[in-house]
2 protein chains.
Amino acid sequence: MDKQTVTIYDVAREADVSMATVSRVVNGNPNVKPATRKKVLDVIERLDYRPNAVARGLASKKTTTVGVIIPDVTNIYFSALARGIDDIAMMYKYNIILTNSDENGRKEVQVLNTLMAKQVDGIVFMGNDISDEVRKEFERTKTPIVLAGCVDDQDQMPSVNIDYTAAVEEATKNLIDHGNERVAFVSGSLDYPINRDYRLKGYKQALKKAGLRYDDKLVFETDYSYKAGQLLQPALQSVNATAAVIGDDELAAGVMNGVTDAGLSVPDDFEIITSNDTKLTEMVRPKMSSITQPLYDIGAVAMRLLTKLMNNEPVENKTVLLPYGLMKRASTH
Amino acid sequence: MDKQTVTIYDVAREADVSMATVSRVVNGNPNVKPATRKKVLDVIERLDYRPNAVARGLASKKTTTVGVIIPDVTNIYFSALARGIDDIAMMYKYNIILTNSDENGRKEVQVLNTLMAKQVDGIVFMGNDISDEVRKEFERTKTPIVLAGCVDDQDQMPSVNIDYTAAVEEATKNLIDHGNERVAFVSGSLDYPINRDYRLKGYKQALKKAGLRYDDKLVFETDYSYKAGQLLQPALQSVNATAAVIGDDELAAGVMNGVTDAGLSVPDDFEIITSNDTKLTEMVRPKMSSITQPLYDIGAVAMRLLTKLMNNEPVENKTVLLPYGLMKRASTH
DNA sequence: TATCAAGCTGAAAACGTTTTCAATTTGATT
DNA sequence: AATCAAATTGAAAACGTTTTCAGCTTGATA
């Protein structure tokens, strides 16, 4: 019944001051005489008063809550970002409303609307793609939004990423340098700009610089699942691929186990470089070489950027690229 | 500036009805003449009115938001539960405020207070342990709380789990039946009732029924990390263990790789059964045999239970045990 | 036609804060 | 003692809904 028994009004009455003064004390406003402050604090303690954040949100138009849209928490890549986001959010006294989108445009739009209705102060969006409907919603609102690990090919939204093109180019080059002339490119849907316009581009650049011909038979478009990777082995073999750059760690683990289970040796018969450097890379055998990304930091920096936007602080550049690297492990020579 | 331009008042004015009527239309209250409803709906459409959930929350004392406390989203076991929670929450029109606790009692208490301040309608709590301070907070509030994958040794809180004792007993028995006389028990901290009072108990029961002596040298208490598992190999060897029941999949993967990297064969020299049946079990080589738990369902059922509690619906039994199983894979004979 | 219940509707009071603005108090300065 | 600025305080109006309760319409029934 009476969940919220004691209100600011009760405190004011008991302390014999106005609500305004109680509010000041609660919010640390310095314009309160120390004696008054103590008096109020004592009553607050005695009555066990807890400010109602909903009322506060209504009055102040700030909820100290931000929305986070994530394709799937269960995905180890995104959950690492989410952890970075939450830690920084907490540091700045925000809470996170987390929702899984399954990269489904309709769901994303619906979630965005719910978040706006709940008056979140800002939003962090993760995903492989920004559909047109979603972009429309983005443009429609004044609530600050930043993308984490999600490129905006139209370069309008604030975002934090790594340079996927350069990273994939470097990875591909590495494989080529090991003598592989037929390097496969395995990624999620090429409908996603991040794959088509960034990663694939890096792959092509590496080929070109090495003087190798681009062969679209070596490009495999699939979903990001372990299973999908596992089933890819026959196809890879049929096009005589001897190495692969792969866009997702679970997918890569699938490919690797598929290859291994088929009796081939990684890296002797087939080399693999994956993309996200999640802890999975260390758990499989052989350990997987990977492009390294500061996953946690991508989330953390995105959230930090969002706090600036929410406070109308000036922001130097809206799209930040974090450094990547290449970690050699046992799946490559 | 004017984030929320159009209010229910604007709609009422334009449609020439009262706010009460608009509210009724928005909330699907049937006591509105169809003609009126249409008129209002048209204005809503025209003005692009979106109800403010914060104001709604204040007036109705319902936020359609529930708090979720999770040790670490990055942990594949908990994130699976979280996914189940979120899906069901969404199905029932709730949103999730997700916060990482790191199993830190102080942080948990603080988060609970924030959640209460934000007037969440309910809370799902995950963790290995309920500290005294946390329990005190639980008792202090009238907000419904349910535990997911988290036992309450005092059996006061609603919760959903599997029968850990029986599951571990069965797993241990399985190993014993394969001829292992020295089966190690590897888990997280034995300060946690779930390990000390449930899992370890099952382990002991299995030994007893098999006529084997309990040797506490075979009990390994560690943290739940991959790394910790990997470093355990020498210790396991020094006590002549030939098999292990392990309380967490990442930990188990660590142990297995530690053993394998030391030149031993799993399962020929060392058998392993792990506990959570996350997808990790299928990704490592050899694949790990595991106690199976319906991870997603634990979360889903917990959230479903919470919705009932929030609606004051009668609940048959407050602590639900979901079925477990034993999945044989390649890490056991 | 009078009557009554059921169906609709609106006025206004919550909900629990923050914030504005004016009033009061204080203390230093002349 | 008079004056003034600065410090402290309170009254009351937001904030945008829901909800209660009474009143008004209807249409059917006697």
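Numbers restart at 1 for each chain; the letters A, B, ... are given by sequence-line order, proteins then strands. Just the heavy atoms: all of them, side chains too, but no hydrogens, waters or symmetry mates, feed the values below.
- Rounded to 10 degrees, the angle between the two end axes of the helix from dT1(C)-dA30(D) to dT30(C)-dA1(D) is 50°, with five pairs used at each end.
- Here dG10(D) presents its C1' atom at 13 Å from OH of Y9(A), a figure rounded to the nearest Å.
- We find that CZ of R24(A) is positioned 21 Å from P of dG16(C), with the value rounded to whole Å.
- In this structure, the nucleotide among dT17(C), dT17(D), dC21(D) sitting nearest to the side chain of Y49(A) is dT17(C).
- The side chain of A55(B) lies closest to dG16(D), out of dG16(D), dT9(D), dT19(C).
- Residues N100(A) and V73(A) are in side-chain contact: their nearest non-hydrogen atoms beyond the backbone lie under 4.5 Å apart.
- When the side-chain nitrogen and oxygen atoms of K61(A) are compared with OP1 and OP2 of dG16(D), one or more of them lie within a distance under 4.0 Å.
- Looking at T65(A) and K118(B), their side chains do bring a donor and an acceptor atom within 3.5 Å of each other.
- Judged by distance alone, the side chains of N75(A) and S79(A) never bring a donor and an acceptor atom under 3.5 Å apart.
- Atom CG in N31(B) sits roughly 13 Å away from atom P in dG10(C) (whole-Å rounding).
- Using a 4.0 Å heavy-atom criterion, one finds that V54(B) contacts no nucleic acid atom at all.
- Residue contacts shown for S23(A) include a base, since a base heavy atom lies under 4.0 Å away.
- Of the candidate nucleotides dG16(C), dT19(C), dT17(D), dT17(D) has the atom lying nearest to any side-chain atom of T7(B).
- For S18(A), no side-chain nitrogen or oxygen approaches OP1 or OP2 of dT9(D) to under 4.0 Å.
- Side-chain N/O atoms of S131(A) and E133(A) include a donor and acceptor closer than 3.5 Å.
- Within residues 35-45 of chain A, no residue is approached by DNA chain C to less than 4.0 Å at the level of any non-hydrogen atom.
- Note: CG (N29(A)) to P (dT17(C)) measures 17 Å, nearest angstrom.
- In this structure, V26(B) reaches neither bases nor backbone, as no heavy-atom distance under 4.0 Å exists between it and the strands shown.
- Residue N52(A) places none of its side-chain N or O atoms closer than 4.0 Å to OP1 or OP2 of dC15(C).
- Counting any heavy atom pair closer than 4.0 Å across all strands shown, T21(A) reaches sugar-phosphate atoms only and no base atom.
- For K33(B), the side-chain atoms get nearest to dT9(C) when compared with the rest of dG10(C), dT17(C), dT9(C).
- The nearest heavy atom of DNA chain C to M19(B) and to V22(A) marks one nucleotide each, and the one closer to the 5' end goes with M19(B).
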